[in-house]
Amino acid sequence: MRIAIDGPAGSGKSTVAKLVALDLNFVYIDTGAMYRALALKAHRLKIEFSDESSMVEMMNHTYFSLSENGITLDGRPLGEEIRTSEVSMLSSDIARYPYVRTYLTEQQRNLSRQGNVVMEGRDIGTVVLPDAELKIFLTASIEERARRRYAEHLSSLKEIDYESVLQEMKVRDFNDSSRKIAPLKPAKDAILLDTTGLSISEVVQKVVAMAKKRQ
Ligand code: C5P
């Protein structure tokens, strides 16, 4: 069974997808981490995302796989370095390029063949796994999403304020939903779940119940 969970930044996707996977004993796949890791790799190698031939050359030498602790890039686990605000913006930028999306979509489909999976991202129900057995689209108001992301950052990063988190989220929302290829939008057959005011465990319970019904 494949469960696709899509939604904007801060909608609770990652936390919910992880807990649903744990509850059902499914493999959890965070596709946003792949955009982040690829963006950071190119940035460190000083490759312009718009330089298609250099990007393709780099991607031909890039290898994603799944370990017990999540996704690995070129054999190394992904750490906190992909979670900074800078990498958030880089990942939203790299996600515009068709050759990047084609490459990562193929990698994600390969990873999904591992068995029962919960895959989360922006275009899982629409592009990566259009025939997933269950598709969920999570939403929440932008203020609530920014509050959640701000609280997350507070525990790990210093010198961040709510206003800049909110601004960054607006830019990313705009980039993600207005891009030509694979924009952020619910699949026609996705179930919309507004998480504003709901606790994480309430959302997890709803998704697990839907999954069990369809198993
Ligand atoms: O989910 P997360 O915020 O970690 O994703 C980082 C960025 O990667 C997003 O802002 C989005 O631009 C991009 N992304 C995407 N398609 C996906 C997952 C992430 O375009 N399936």
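Both ligands and their constituent atoms are indexed starting at 1 by order of listing. Keep in mind that this is a model prediction, so the values were computed, not measured. Residue numbers count from 1 along this sequence.
- Closest approach of Tyr103 to Phe64, counting heavy atoms only: OH-CD1, 3.8 Å.
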* **salt bridge (Lys or Arg N to Asp or Glu O under 4.0 Å) evaluation trace for Asp30 with Lys13** => CA-CA 9 Å; Asp30 172 2; Lys13 281 182 286 109; over 6 Å; no
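- Grouping Ile, Leu, Val, Met, Phe, Trp and Tyr by side-chain contacts under 4.5 Å, direct or through others, leaves Tyr28 on its own.
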Are there any protein N or O atoms under 3.5 Å from the N or O atoms of ligand 1? List them with distances, or say none.
from: ligand 1; atom 1: 1 (O); to: Lys13; atom 2: NZ; distance (Å): 3.3
from: ligand 1; atom 1: 1 (O); to: Arg122; atom 2: NH1; distance (Å): 2.9
from: ligand 1; atom 1: 3 (O); to: Arg36; atom 2: NH2; distance (Å): 3.3
from: ligand 1; atom 1: 3 (O); to: Arg122; atom 2: NH2; distance (Å): 3.2
from: ligand 1; atom 1: 3 (O); to: Arg172; atom 2: NH1; distance (Å): 2.9
from: ligand 1; atom 1: 4 (O); to: Arg36; atom 2: NE; distance (Å): 2.6
from: ligand 1; atom 1: 4 (O); to: Arg36; atom 2: NH2; distance (Å): 3.3
from: ligand 1; atom 1: 10 (O); to: Arg122; atom 2: NH2; distance (Å): 3.4
from: ligand 1; atom 1: 10 (O); to: Arg172; atom 2: NH1; distance (Å): 2.8
from: ligand 1; atom 1: 10 (O); to: Asp176; atom 2: OD2; distance (Å): 3.1
from: ligand 1; atom 1: 12 (O); to: Asp176; atom 2: OD1; distance (Å): 2.6
from: ligand 1; atom 1: 16 (N); to: Arg101; atom 2: NH2; distance (Å): 3.1
from: ligand 1; atom 1: 20 (O); to: Arg101; atom 2: NH1; distance (Å): 2.9
from: ligand 1; atom 1: 20 (O); to: Arg101; atom 2: NH2; distance (Å): 3.3
from: ligand 1; atom 1: 20 (O); to: Arg179; atom 2: NH1; distance (Å): 3.3
from: ligand 1; atom 1: 20 (O); to: Arg179; atom 2: NH2; distance (Å): 3.0
from: ligand 1; atom 1: 21 (N); to: Thr31; atom 2: OG1; distance (Å): 3.1
from: ligand 1; atom 1: 21 (N); to: Arg122; atom 2: N; distance (Å): 3.1
from: ligand 1; atom 1: 21 (N); to: Asp123; atom 2: OD1; distance (Å): 2.8

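- Under the side chain to side chain donor-acceptor pair (under 3.5 Å) criterion, Lys41 pairs with Thr62, Asp74, sequence neighbours left out.
- Side-chain contact check for Arg149 and Tyr162: no donor-acceptor pair (N or O, by modelled atom type) lies under 3.5 Å.
- By the 4.5 Å side-chain criterion applied to Ile, Leu, Val, Met, Phe, Trp and Tyr, Leu198 is assigned to a cluster that also includes Met1, Ile3, Ile5, Val16, Leu19, Val20, Leu22, Leu24, Phe26, Val118, Leu134, Ile136, Leu138, Ile191, Leu193, Ile200, Val203, Val204, Val207, Val208, Met210.
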